[in-house]
Amino acid sequence: MDMPSPVRVRLAPSPTGPIHAGTLHTGLFNWLYARSLGGTFVLRLEDTDQERSRPEWEEVIYQEMRWLGLDWDEGPDIGGNYGPYRQMERLDTYRDSARRLLEAGHAYYCYCTPEELEAERQEAQKKGVVYQYSRKCRNLTAEDRRRREDEGRKPVIRFRVPDGEKVVFDDLIRGLIETPTDSIGDFIIVRSNGIPIYNFAVVIDDVTMKITHVIRGEGHISNTPQQLLIYQALGLEPPRLGHIGHILGKDRAKLSKRNGDAYVGDYRERGYLPEALLNFMALLGWTPEDGQEFLTKEEMIRQFKLDRVTRAPSVFDPDKLDWMNGNYIRNLSLDELARRSLPFLQKQGLMTDALQPADWDRMVKIMATVQERIRTLAEVPGMTEFFFRDELTIDPDAAKLLTEQSRAWLGQVRDRLAVVEVFDAVQTEAACRAFVEENGLKAKAVFQPIRVAVTGRTVSPPLFESMALLGREKTLRRLDSVR
RNA sequence: GGCGCCAUGGUCUAGAGGCCUAGGACACCACCCUUUCAAGGUGGUAACACGGGUUCGAAUCCCGUUGGCGCUACCA
């Protein structure tokens, strides 16, 4: 038996909305890292933004994570030895650490109001100077403080940033990164309402949860010096830090609703398979040693190495996701494809919950006609609609093919189909081809009108398979109805 | 503006000084297959941002420039 790995990583989303593609990306990398090393994957909720955090988003986060198959070992819902796992339930812990910083002189109370701070900023702006907090409250006497308290002011707690130093850390995937402390102002660690600010809470959480490796988006690189300063002031050993590249939209800006789709739930609703989405996401900023493009989760885990993670941000290419999803769909068994398509058909009212075994059999056969033509499950209803509806609405453009001439042909084809012995793809095709040949026509000239009459469209699954599945009665009725 | 990160075709990337006439994949184009659309097959267009170094030799190392992005909040 191997010793359990001491590696502990975490994903710390904010329950302020549906889970974002970027969150999925860092979550996946953390998960892969933990799973590849037999470590622990912790889920923590950063809900200190009381304005935007909503409890209902929590459940959405769990659902999406489960849909993707990213399981966690500790979290708000399942507990663990280092809880609680919601920041708002950890206020006491932050308070203790804040007190220690205050007592050691690494932090101080600041009574400046948001308005006063805004005025400072305006002033700096006007002078064209770089703004940094004025440090006005850095050396307040007990008397000063009491006077402000009497005015009813509620203080924030600020970190006292040392002058003329350098904060250095060795990024797991970028190497040495150093920042002069002079470029950092005295930042707030606890709000006037007593709730900590992200940069402070994250340090306390990572330490108390014994997180060993922090893998997060590159946006956090510039937060790191502040966090390191806090570790230092508290005399704590920081975890190893690694920053992965962001995922960008087509316009090279951060992925959002404007430039592509942002939420995991959107992908599910648009018919992407979780395994395809995961595979695609894994290849954004990482390549396995052997360069393989299609990987199961197990293969990703086996091959995942932090030193093969790239530094540059990457643009999310929806076309490639579509291609990959199409590949995954083609590799599904027909039964599985039917099972996964069902919700999409139900949503369009094409199928009901109450499925008879016979319906299922037919459903599976229908799947066979579309499997290699779709890239997402959301395309299933549109492509198979004609199988399910009694009344067929013919696409206006397609209807143009129903000329007087082609209608005449359809009538004759209809009569031939009426007497076919077995109404299967082979015999219906033979009957139609016989008609074409005997009359010296082009197959396409006759088949397309038939397709329009039977499916309502110029583009459809294979014609004769479709007719066979539709059955003689319905097929003939459709041919009749366009005459 | 300050600080920081990044930089190979349109996109994801391989490449860790000579194996590079820069490889693969998506997309795109052409052809083949074909009753439509796909799928599949074959072929093709297309990149080391720029400028200096270092070196016998640089996509790979160093510096600068340019560009993109991030932080600079009582958001995370």
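Proteins get letters first, then strands, A, B, ... in listed order; numbering begins at 1 in each. Everything quoted here is computed from the prediction, not taken from an experiment.
One can place CZ of A:R457 at 14 Å from C1' of B:rA38, the figure rounded to the nearest angstrom. Atom-to-atom, CG of A:L176 to C1' of B:rG4 comes out at 14 Å; the value is rounded to the nearest Å. When the P atom of B:rC12 is taken as reference, atom CZ of A:F280 falls 9 Å away, rounded to whole Å. Taking atom CE of A:M281 as the reference point, atom C1' of B:rU13 lies 17 Å away to the nearest angstrom. As a whole-Å value, the separation of A:E165 CD from B:rC3 C1' is 17 Å. Following rounding to the nearest Å, A:K250 (NZ) and B:rC12 (C1') show an atom-to-atom distance of 10 Å. Rounded to an integer number of Å, the gap from A:N325 CG to B:rC12 P is 20 Å.
A distance of about 47 Å separates the C1' atoms of B:rC75 and B:rA38, rounded to the whole Å. For the P atoms, the distance linking B:rA46 with B:rG57 amounts to 30 Å, nearest Å. When the P atom is compared between B:rG70 and B:rC29, the two are found 33 Å apart, to the nearest whole Å. Between B:rA7 and B:rC63, the two P atoms lie 14 Å apart (nearest whole Å). The same atom, C1', is picked in B:rU55 and in B:rA49; the two are 23 Å apart, to the nearest Å. Between B:rA22 and B:rU60, the two C1' atoms lie 12 Å apart (nearest whole Å). A distance of about 35 Å separates the C1' atoms of B:rA39 and B:rC48, rounded to the whole Å. With C1' as the reference atom, B:rC20 and B:rA58 are 12 Å apart, rounded to whole Å.
Between A:F169 and A:H243, the ring planes lie perpendicular to each other; the angle is over 60°, past the 30° to 60° tilted range. Classification of the A:F447-A:F464 ring pair by plane angle, with boundaries at 30° and 60°, yields perpendicular. Ring-plane geometry between A:F294 and A:Y328 is classed as tilted, the angle between the planes lying from 30 to 60 degrees on a 0 to 90 degree scale. Using cut-offs of 30° and 60° for the angle between ring planes, the A:H220 and A:Y198 rings count as tilted.
The partner of B:rG70, taking Watson-Crick or G-U wobble pairs whose two distances both stay under 3.5 Å, is B:rC3. Base-pair partner of B:rG64: B:rC50 (Watson-Crick or G-U wobble, both distances under 3.5 Å). With both pairing distances under 3.5 Å, B:rC75 is matched to nothing as a Watson-Crick or G-U wobble pair. Pairing for B:rA30 goes to B:rU42, judged as Watson-Crick or G-U wobble with the two contacts each under 3.5 Å. Base pairing of B:rA16: no nucleotide in any strand meets the Watson-Crick or G-U wobble criterion (both distances under 3.5 Å). Using the Watson-Crick or G-U wobble rule with both distances under 3.5 Å, B:rC37 pairs with nothing in any strand shown. B:rA22: no Watson-Crick or G-U partner with both key distances under 3.5 Å is found in any strand. In this structure, B:rG9 makes no Watson-Crick or G-U wobble pair, since no nucleotide meets both defining distances under 3.5 angstrom.
Counting non-hydrogen atoms under 4.0 angstrom, A:G217 reaches nothing in the nucleic acid. Using a 4.0 Å heavy-atom cutoff across all strands shown, A:E51 reaches no nucleic acid atom at all.
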- Produce a footprint string for nucleotides 65-76 of chain B: one letter per nucleotide, 5' end first; B if the base is under 4.0 Å from any protein heavy atom, S if only the sugar-phosphate is, - if neither. ----SBS-SBBB

- Task: Encode nucleotides 20-37 of chain B as B, S and - characters from 5' to 3', where the letter depends on protein heavy atoms closer than 4.0 Å: B to the base, S only to sugar-phosphate, - to neither.
- Result: -----BBS-------BBB

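By the salt bridge (Lys or Arg N to Asp or Glu O under 4.0 Å) test, A:E151 pairs with A:R153, sequence neighbours left out. Shown here are the ring pair (Phe, Tyr, Trp, His ring centres under 6.0 Å) partners of A:F200, two or more places apart in sequence or in another chain: there are none. The salt bridge (Lys or Arg N to Asp or Glu O under 4.0 Å) test applied to A:E89 returns A:R86, not counting sequence neighbours. Partners of A:R121 by salt bridge (Lys or Arg N to Asp or Glu O under 4.0 Å), not counting sequence neighbours, listed by chain and number: A:E118. Listed by chain and residue number, nothing satisfies the salt bridge (Lys or Arg N to Asp or Glu O under 4.0 Å) test with A:K297 (two or more places apart in sequence, or in another chain).
Applying the salt bridge (Lys or Arg N to Asp or Glu O under 4.0 Å) test to pairs two or more places apart or on separate chains, those with a residue in residues 450-469 of chain A are A:E385-A:R457. Listed by first and then second residue, the salt bridge (Lys or Arg N to Asp or Glu O under 4.0 Å) pairs that reach into residues 18-31 of chain A come to none, sequence neighbours excluded. For residues 187-205 of chain A, the set of pairs meeting the salt bridge (Lys or Arg N to Asp or Glu O under 4.0 Å) definition, not counting sequence neighbours, comprises A:R44-A:D205, A:R90-A:D205.
Atom CD of A:E149 is surrounded by more than 12 heavy atoms from other residues, nucleotides or ligands within 6.0 Å.
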- Task: Would you please test A:I244 and A:R311 for side chain to side chain contact (heavy atoms under 4.5 Å, CB included) and show each step?
- Result: CA-CA 6 Å; A:I244 63 180; A:R311 290 166 294 281; over 6 Å; no

Could you list, one pair per line, each protein nitrogen or oxygen that sits under 3.5 Å from a nitrogen or oxygen of nucleotides 14-16 of chain B, together with the distance?
| from | atom 1 | to | atom 2 | distance (Å) |
| --- | --- | --- | --- | --- |
| B:rA14 | OP1 | A:T287 | OG1 | 3.2 |
| B:rG15 | OP1 | A:R308 | NH1 | 3.3 |

Tabulate atom names and distances for all N/O pairs under 3.5 angstrom spanning the protein and nucleotides 41-50 of chain B.
none

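Closest of all the heavy-atom pairs between A:T384 and A:F388 is O-CD1, 3.2 Å.
Considering only side-chain N and O atoms, A:R330 lies nowhere under 4.0 angstrom from the phosphate OP1 or OP2 of B:rA38.
A side chain to side chain contact (heavy atoms under 4.5 Å, CB included) with A:L241 holds for exactly one of A:L172, A:V214, A:D206, A:I177; it is A:V214.
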